[in-house]
There are 2 protein chains.
Amino acid sequence: MLAVIEPASRHSRGMQLRQREVAERIKQYILHNRLGPGDALPTEAELCAAVGASRSSVREAIKTLTALDIVEVRHGHGTYVGRLSLAALVESLVFRGLLSREDDYRVLAELIEVRQTVEQGLAASIVSAFDDDLRSELSRLADQMDERAKAGEPFIEQDREFHLLLMKPLGNELIIQLTAAFWDVHAIVAPTLHTTPESVRETVAAHHAIVEAAAAGDRERFIAAVEAHYAPVRRHLREKRGL
Amino acid sequence: MLAVIEPASRHSRGMQLRQREVAERIKQYILHNRLGPGDALPTEAELCAAVGASRSSVREAIKTLTALDIVEVRHGHGTYVGRLSLAALVESLVFRGLLSREDDYRVLAELIEVRQTVEQGLAASIVSAFDDDLRSELSRLADQMDERAKAGEPFIEQDREFHLLLMKPLGNELIIQLTAAFWDVHAIVAPTLHTTPESVRETVAAHHAIVEAAAAGDRERFIAAVEAHYAPVRRHLREKRGL
DNA sequence: CTCAATTTGTCCGTATGTATC
DNA sequence: GGATACATACGGACAAATTGA
């Protein structure tokens, strides 16, 4: 359980900030008790008593941990271990992207390079882990993109699912979450960047090409298809940044 | 400036949580005024007046933004725009790593795959951007690792610098920060994982091999050298997880 | 459905630590 | 050292959400 410390040393010493210490203690509590996402934490009152801090300090520490999705708070219900998602990365990168967007879209350009690098770097693994089930699922998504593109409708949901499914066979949860995070940032920072009919066709065609290359077990072609996939966005970015 | 809202609607409606709204407003303030890292934000008191919330709510919102390094607070001095680092990603991944460490080191294994994927995925760019200056700097670091390894001393500083320098010529700030973040997580979660004399020699040799492959402009050899670089850690991980 | 209990969310007042001049 | 401005911390009170009797 939580060891009680003497509140006597409240405002003394070169003690690190109160909340930092409290946050650290809460993390230790989770680790020590081997709690997982969804497990209940002590109430605020209990935490206050346990660490000898005021409710304000405890709440601010919890706020920090909430931002990192280490804890999750449900109003009127309690405090729980969080889902440990990469929500913090997304929010952080989105903000950076929005800041640079006004000027030069630098962060977005860098983000696209990262996305492409990861997908190309995993080309060999993706291609070798490719099977018929995955092929049919990805083909279906690419077809849906086709239809929606012809109807002038957006297809962001299909696009997100496509790029996540591509990574799924690798069995690396971190890669999947990073892929999702980067995709989310991209979608928020550049919601309507590549919307000319021509570049949309190009993008949809690239998805088909990616599936075919993977199905053929052709790593080189897969890499080329990924390159082609990001080409339209890159082009639009160059135009924007060129102004 | 910050638009004043009527505090009349304080506790009314299905209004989103107060702090969420306050945090959003602070971010908008930064974006709207095009502030950058280090620029000053209004004081807590001014923020309270501007958004019509109490100090507690404003402080908790600031705590959230601080965790994301969007704002930075200097005690007794003021509140400023943060450095927009990936500190939140590091803290988040470190905690996940510590949680999984007790059981199966799963997160660490996945992290290593990500590091290797990024370095290998960028092989072509790294090799083509390689020049003599970089070569001599990296060689110097590898030599230092050699010496320290023979003396039985750690060489984490040199290792970190090595992997960051490798990425520098690419001119992609995001890649550099991600590389640093992943390295930091690795170092914290597995501080003493590959410490047998043999694997240390192997690791040091791999750094030399990476430099030579890059200098020779040989992308394939570079990829192989990176593979060899992570081989010892992988091996130790398999042993740990096999138990 | 109403009521009460529990728990988090917000506000206020006050005191203290910290940095600048 | 003193004065000022600011963030940090505490404690109490009440509002809002959730659960269950």
Check your understanding: Would you say B:Q19 reaches C:dT10's phosphate, i.e. side-chain N/O to OP1/OP2 under 4.0 Å?
Key -> yes
Rounded to whole Å, the CG-P distance (B:L47 to D:dT8) equals 12 Å
Contact class for A:H75 vs. all strands (heavy atom < 4.0 Å): base, sugar-phosphate, or nothing? base
Nearest heavy-atom contact between A:L35 and B:L99 is O-CD2, 3.5 Å
With a 6.0 Å cut-off (strictly less than), is the heavy-atom count around CZ of A:R140, excluding the residue itself, greater than 12? yes
In whole angstroms, the gap separating P of C:dT16 from CD of B:E44 amounts to 18 Å
Interatomic distance, CD1@B:I175 vs CG@B:L122, rounded to 0.5 Å, equals 4.5 Å
Separation of C:dC11 atom P from B:E21 atom CD, nearest Å, is 10 Å
Exercise. Is any side-chain N or O of B:R18 closer than 4.0 Å to OP1 or OP2 of C:dC11?
Worked result: yes
Picking from D:dT18, D:dA7, C:dG9, the nucleotide nearest the side-chain atoms of A:H77 would be D:dT18
Interatomic distance, CD@B:E110 vs CG@B:L93, rounded to 0.5 Å, equals 10.0 Å
Review point. Are any of the side-chain nitrogens in A:K240 or A:D104 under 4.0 Å away from the carboxylate oxygens of its partner?
Key: no
Residues of residues 54-71 of chain A with a heavy atom under 4.0 Å from any atom of DNA chain D, listed by number, are A:S54, A:R55, A:S56, A:S57
A:R20 CZ to C:dG17 C1', in whole Å, measures 19 Å
Q.
Is the phosphate of C:dT8 approached by A:T79 (side-chain N or O, under 4.0 Å from OP1 or OP2)?
A. yes
Sorted by chain and number, sequence neighbours left out, side chain to side chain contact (heavy atoms under 4.5 Å, CB included) with A:L164 holds for A:R160, A:I176, A:T179, A:A180
